[in-house]
Amino acid sequence: MELLTTINDAVWTYFLIGVLICCGLYFTIKTRGVQFRMIGEMVRLLTDSATGSKEQKHISSFQAFAVSVATRVGTGNLAGVATAIAIGGPGSVFWMWCIALIGSATAFVESTLAQLYKRRSTDSFIGGPAYYILHGLHSKWMAALFAILLTLTFGLSYNSIQSNTICSAMNEAFGWSPTVVGIVITVVALFIVFGGIQRIANVSSVVVPVMAIGYFILAAVIIIMNISHVPHILRLIVEDAFGFKQVAGGGLGMTIMTGVKRGLFSNEAGEGSAPNVAATAATSHPVKQGLIQALSVFTDTLLVCSCTAFIILISGLYTSGSNGIALTQSALHQQIGSAGPIFVAVAIFLFAFSSIIGNYYYGEANIRFLSNSKRLLTVYRFLSAGVFVMWGAIASLEVVWGVGDLFMAALTVCNLVAITWLSRYVFRLLSDYRKQKREGIKEPVFRKDKLPEIAEDIECWE
């Protein structure tokens, strides 16, 4: 039975890898490498202010970026990378990089579509894959399926993973009981999620930059202190990614599979999660949010994940038998002493807690899509920030990751089908954006009459 489960998991994962790579390459070619050609514009857009009436509580491009990075930069960066290296070897890092470089084009497409098909809500915009599937593909059943899958994946399953990692780190560093830590996280999370997207955005826009910069500075210091080891580490990553030893031993598949799975969990490109918050931003052109979400993939995998990978590989402890957040803490302990595990515990609390509230919002956006019932939303809030956060605190590492991987795969396939079909509109939007920039227009503007054949399906771009 265990062997059959392993085979099924491998088949499903390889299928997902193939679909992700094909879609990412297709989007990269059709956009002429938008994720590489327009990096300067991505950074500039972080200062783009929210557009719209003062009566409505719109969030800015940077706040939308912060919320999406909050969900990306979390457990996957500190615990997920460690798990990938421990199981798949150093070569898994290379495949994480590849999935990020290709996936950033996918992130651009899905978030641009989210902006194009967004809807007006009570006090802000709302949107995401469920909305562009319904209004773009006109498929009610597929939109409902996606909304259910995303709510189960992010709002419930992924929040248990974040909670599990926080409690494990606190127990490793301070010996604190997972049950007690779980109760504290649950109470604070419930307080924040009942404040809506504005409170979530405000918390994320403060916490995310501080934690990301602090962790990056620490990693940079450790790498500089061990600069002579960097060429060896890079060679180790590449050789392990393609090495004959892995091919001969049948381990190459595990290296690729682990790197892609943990890379996708970390950067979320193609899963259809980030578009839910990308749609809430008030901006003058849909392409702007597409570019910003592509940048968040780079920030997550090429920056933060690489920091963790280098710290672990420099320590040489990846063969010690440790796994998850404990491996990251052990590696830092070797480099900076007893302060290492404590730093990771604090960092993972900020990383993972911001992910909990960001994940919650993804589910909320899709609950609102499925029903206008305030009672259902209240029940979801208690399940997401309460029950599943508490369950993750006391469940095993293998169980919470296994459930998360299962839902992630189904969710991703559903979203990729939709964005591939609708991507032709994104290519036209990108051409319009570039044309306006060439004409000297600093802030390109979009109106729905530029896409007359789908103007009736678009609500917010008069």
To the nearest 0.5 Å, how far apart are [atom1] in [X] and [atom2] in [Y]?
X	Y	atom1	atom2	value
Q162	I185	CD	CD1	10.0 Å
M42	F36	CE	CZ	9.0 Å
I148	L370	CD1	CG	5.5 Å
W391	L156	CH2	CG	10.0 Å
L45	I292	CG	CD1	5.0 Å
R37	T31	CZ	OG1	9.0 Å

For this session: Look at the rings of Y132 and Y117 and say which category their plane angle falls in: under 30° parallel, 30 to 60° tilted, over 60° perpendicular.
Result: tilted
Donor on one side chain, acceptor on other, [X] and [Y], under 3.5 Å:
X	Y	result
W141	S139	yes
T28	Q35	yes
N159	S384	yes
Y433	E41	yes

Problem set entry | side chain to side chain contact (heavy atoms under 4.5 Å, CB included) evaluation trace for F446 with V287 | CA-CA 9 Å; F446 170 74; V287 165; over 6 Å; no
So with a 6.0 Å cut-off around [atom1] of [X], is the heavy-atom count from everything else above 12?
X	atom1	answer
R375	CZ	no
K30	NZ	no
N372	CG	no
K450	NZ	yes
R447	CZ	no
E439	CD	yes

Could you tell me whether the side chain of [X] and the main chain of [Y] form a donor-acceptor pair under 3.5 Å?
X	Y	answer
S163	S160	no
W461	S284	no
R32	I29	no
S104	L101	yes
K437	P444	no
T153	L150	no
T280	N276	no

Minimum side-chain heavy-atom gap [X]-[Y] below 4.5 Å:
X	Y	value
V389	I356	yes
P129	E110	no
T106	L416	yes
Y131	K118	no
L451	L116	yes
H285	D432	yes
L422	Y425	yes
W97	I237	yes

Heavy-atom closest pair, residues [X] and [Y]:
X	Y	answer
S371	L376	CB-CD2, 3.7 Å
A114	P275	CB-O, 3.3 Å
Q115	A278	NE2-O, 2.7 Å
T186	G386	CG2-CA, 3.4 Å
A279	G128	CB-N, 4.0 Å
I133	A418	CG1-CB, 3.5 Å

Exercise. So, Y360 versus F154, ring centres under 6.0 angstrom or not?
Worked result: no
For this session: Run through I419, V426, V34 and flag the one making a side chain to side chain contact (heavy atoms under 4.5 Å, CB included) with F27.
Result: I419
Problem set entry | Audit row: V230, I227, side chain to side chain contact (heavy atoms under 4.5 Å, CB included) steps and yes/no | CA-CA 5 Å; V230 171; I227 195 68; 4.0 Å; yes
Exercise. Is it true that E459 and K448 have a side-chain N and a carboxylate O under 4.0 angstrom from each other?
Worked result: no
Problem set entry | Carboxylate-amine/guanidinium contact K288 E443, below 4.0 Å | yes
Exercise. Is there a side chain to side chain contact (heavy atoms under 4.5 Å, CB included) between L134 and F369 once you walk through the steps?
Worked result: CA-CA 10 Å; L134 176 63; F369 172 82; 3.6 Å; yes
Exercise. Does the side chain to side chain contact (heavy atoms under 4.5 Å, CB included) test come out yes or no for M142 and C414, once each step is laid out?
Worked result: CA-CA 8 Å; M142 187 175 175; C414 184; 4.1 Å; yes
